Amino acid sequence: SGMGGYMEAKIQKLEVQFQDKSCSNEQLSSIFNNVAIHVNGYTNPSCDELKTLMAKHGGKYHAYYSSNYTTHVIASNLPRAKSKDLKPNEKVVRPEWIVDSINAGKLLPIQAYLLVGSTTGSENQRTFNNISIFETSKNITQSRYKLLYYNFHYEVILLKCPYFLCYLSTEVFVPHVYSIIYCYYKLNKLTFSRNIAATTDSDFLKEFYANSRLHFISIWKNEMADFVRYLRIQLMGIFPKIYFVILVCHFFVFFIVYFHFYKKTCFQYFMVIHIDMDCFFVSVGLLSRPHLKGRPVAVTHHSNAPAKYQLIDIIKLFRFLISLVSFSISINGAFRLCNPTDTGNTLSSYSEIASCNYEARAAGLKNGMFYGKAKELCPDLVAIPYDFDAYKDVSNKLYTVLSSYTHTLEAVSCDEALLDVTQLVQECKLPPDTIAQHIRAKVQETTGCNASAGIGPNILQRMATRRGKPNGQHEVKLEEAEEFIRGNQLKDLPGVGHSTVFRLKELGVLTCYDLQQVSPQVLKNDFGNKTGQRLHELARGIDNTEVCQSKERKSVSADVNYGIRLTTHEELRIFLTNLAKEVTCRLKKINLSCKKVTLKVMVRHSDAPVEAAKFAHGICNSMSRSKNLDDYTDDFNIIMKETMALMLLLQLNICDLRGIGIQLS
DNA sequence: ATCCTCCCCTAC
DNA sequence: TAAGGTAGGGGAGGAT
């Protein structure tokens, strides 16, 4: 804007000239005889205007640069990359040279107008003078623009909402600003197919569920539990014999071990083996990418993104658009610029890491971490995409192997199971750790992925597994329990999550050792009877729950707490219809009917910004309302009607909805 | 006492 | 962009 006044005066003058003369083809002068210009990038006046000016003043305009015939390149801005390509005698001149020459009535020397090298000062200051912008659509909530900038195409969407969201680092907000939300460029210059799926799109649910790892983890667990149920009901009493022979042969080799073991333990308690695949998603992903073995690898959606979309220097673009679109804007907030040397948007990715291998964990990576953070911690990190079909396949193989050893197993998840081997140990006369070795080897052979195992009399085996990882196993005996648990963190106790850890900390309990010292009554007072008792027992390695082979399904639900952005009652109705259809479908699929409908919603917390950093739910309050039905039903119309009634009961501001779920019990 | 509703918590 | 689902256990507090 420094030269804004100057340019405005010139342009006004030009416009007057155009108005006077634009209808005629009359040549006004021959100032530009022997001059042939090529316009590079965005200029002011525009290339079309310059073309007209050249025509009216005796010059030539070359749409394409020709080293033989083009005498001057006109540009307002010369990026560093382009300046390197300049021929030694090539003249690059600012467009003011043309305007001023016309006003002066003669060809002015170009020296004062030469554009040499980068005009941008430093590397991280790109100006947007070189932009052409085309409005492509406009509606009430957003306007879309296409930008042509140094031959890259950008799509810009101006969202009319009261916050400006910057996807760069943390959440950055500028209140009361018509917002620029998305600025991407696509390396493929010609297509602009990227659309933000609206919550109400018919494909929204389908697409969301097709990409949600948590959704798959959930349904697979159910499927494996179904499989286990089937084993128990259909194959009751048929003991799997497939590997039994192998185990017995093994016995003869290790009979001394057996003898020793048998005398010592005398089968006083249950024998449970916990089998857990090592970094499941990554392991499966590496099956088809053996060349990546040994390198830090993570599974994330982000790996699909960087080639296609990249975040650009948003503040520069923002300023440009402010000048371009006559919005009245005041900038109150602080921007944080992305590192200009980060060519992709990897460092600012909010894509979560679903799974990372041990090479990556060595650099401090954890599952669930944002990819941007992970890449920062581990620049060599290789991101690979999800392959849900492959996970399912390996999961099936895993359960096929496990069920050939015993049918008394519990599906913990698609990659994790508990095997009650009490009977197996007695029948094949082998110690459980030998059986575990067997199973792990067989899993490796069948799936190509490593599994770890924990062996113990009860709940302890899960903790033991962690000790065995990666690709190993660990056994904890009942008499070692207290000592073993002491060496773990509170968070490692099964059933103890961050909330319990926090509450324990308030009690002054920081370690498992501390927990062992607290009286059960204190815990009961603070956590309630059952939870208190449970914590007390956990700390001592006491757990009487058996391996559970089958549980009746009590409920079916479908939740979406991602990308919910609804504005009107009609949109809400459409979304609820889609969701009710989905959940009804799931209910019918397992041949059940429901007696109760529960609606669960997440509502934006009043302190939370309208836009969260991720296109997700941000900080929310959750609420639920339920309705008991007179009769069991699996009828969509009834379920939909009740869902809508519950929704209306809550009297929510539709714009504040961030998550919706329907549960049928 | 026991049940019900509306939460919260946890696991993968 | 990235795709924060899903099922079950249990607690607080009110209703029965």
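Per chain, numbering begins at 1; letters A, B, ... match sequence-line order. The shown structure was predicted, so the numbers you read here are calculated from the model rather than taken from an experiment.
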Reading nucleotides 8-16 of chain C from the 5' end, what letters show protein touch, with B for base, S for backbone sugar-phosphate only, - for no heavy atom under 4.0 Å? SSSS-----

Given protein heavy atoms under 4.0 Å, the one-letter contact record of nucleotides 4-9 of chain B, with B base, S sugar-phosphate only and - none, is simply -SSSSS

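Remark: P of C:dT6 and CG of A:Leu592 are 16 Å apart, rounded to the nearest angstrom. Between A:Glu223 atom CD and C:dG5 atom P there is a gap of 18 Å when expressed in whole angstrom units. Between the CG atom of A:Asp559 and the C1' atom of C:dG4 there is a distance of 11 Å, rounded to whole Å. Between A:Leu664 atom CG and C:dT6 atom P the separation is 12 Å, expressed in whole Å. One atom, OH of A:Tyr371, and another, P of C:dA3, lie 13 Å apart when rounded to the nearest Å. Note: NZ (A:Lys206) to C1' (C:dA2) measures 18 Å, nearest angstrom. Rounded to a whole Å, the CG atom of A:Leu493 is 13 Å from the C1' atom of B:dT10. In this structure, A:Arg604 places its CZ atom 18 Å from C1' of C:dG4, rounding to the nearest Å.
Within the 4.0 Å cut-off from OP1 or OP2 of C:dT6, not a single side-chain nitrogen or oxygen of A:Ser557 is found. At C:dT6, one or more side-chain N or O atoms of A:Tyr209 fall inside 4.0 Å of OP1 or OP2 (strictly under the cut-off). Remark: A:Arg586 is in phosphate contact with C:dT6, judged by side-chain N or O atoms under 4.0 Å from OP1 or OP2. Taking 4.0 angstrom as the limit, A:His215 places a side-chain polar atom (N or O) nearer than this to OP1 or OP2 of C:dT6.
No contact: A:Arg462 has no heavy atom under 4.0 Å from any strand. Nucleic acid contact class of A:Ala210 (heavy atoms, under 4.0 Å, all strands): none. A:Lys491 comes within 4.0 angstrom of the backbone, heavy atoms only, and of no base. Residue A:Arg534 is classed as having no contact, given no heavy-atom separation below 4.0 Å to the nucleic acid. A:Ser413 comes within contact range of the sugar-phosphate backbone alone, with a heavy-atom separation under 4.0 Å but no base atom that close. Nucleic acid contact for A:Leu599: none, since no nucleic acid atom lies under 4.0 Å from a heavy atom of the residue.
Residues satisfying the salt bridge (charged side-chain N to carboxylate O under 4.0 Å, His left out) test with A:Lys530, not counting sequence neighbours, are none. In this structure A:Ser519 satisfies the side-chain contact (heavy atoms from CB on, under 4.5 Å) test together with A:Gln521, A:Val522, sequence neighbours excluded. Applying the ring pair (Phe, Tyr, Trp, His ring centres under 6.0 Å) test to A:Phe227 and every residue at least two apart in sequence or in another chain returns nothing. Residues passing the ring pair (Phe, Tyr, Trp, His ring centres under 6.0 Å) test with A:Tyr358: none are found, sequence neighbours excluded. For A:Ser452, the side-chain contact (heavy atoms from CB on, under 4.5 Å) partners two or more places apart in sequence, or in a different chain, are A:Asp278, A:Thr465, A:Lys469.
Sorted by first and then second residue, the pairs that involve residues 619-632 of chain A and meet salt bridge (Lys or Arg N to Asp or Glu O under 4.0 Å), not counting sequence neighbours, are A:Lys627-A:Glu642. For the salt bridge (Lys or Arg N to Asp or Glu O under 4.0 Å) condition, the pairs that include at least one residue of residues 388-397 of chain A, sequence neighbours left out, are A:Glu223-A:Lys392, A:Asp393-A:Lys397.
Taking atom C1' on both C:dG4 and B:dC9, the two are 16 Å apart, rounded to the nearest angstrom.
The side-chain ring of A:His301 is not stacked on the base of C:dA3, judged by centre separation under 5.5 angstrom and plane angle under 30 degrees.
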Quick one, A:Phe280 with A:Ser413, criterion side-chain contact (heavy atoms from CB on, under 4.5 Å). Give me CA distance, side-chain angles, the key distance, then yes/no. CA-CA 11 Å; A:Phe280 186 54; A:Ser413 77; over 6 Å; no

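Taking the six-membered ring where the residue is Trp, A:Tyr391 and A:Phe388 present perpendicular rings, their angle passing 60° and hence far from 30°.
Looking only at atom types and distance, the side chain of A:Thr300 has a donor-acceptor partner in the side chain of A:Ser351 under 3.5 Å away.
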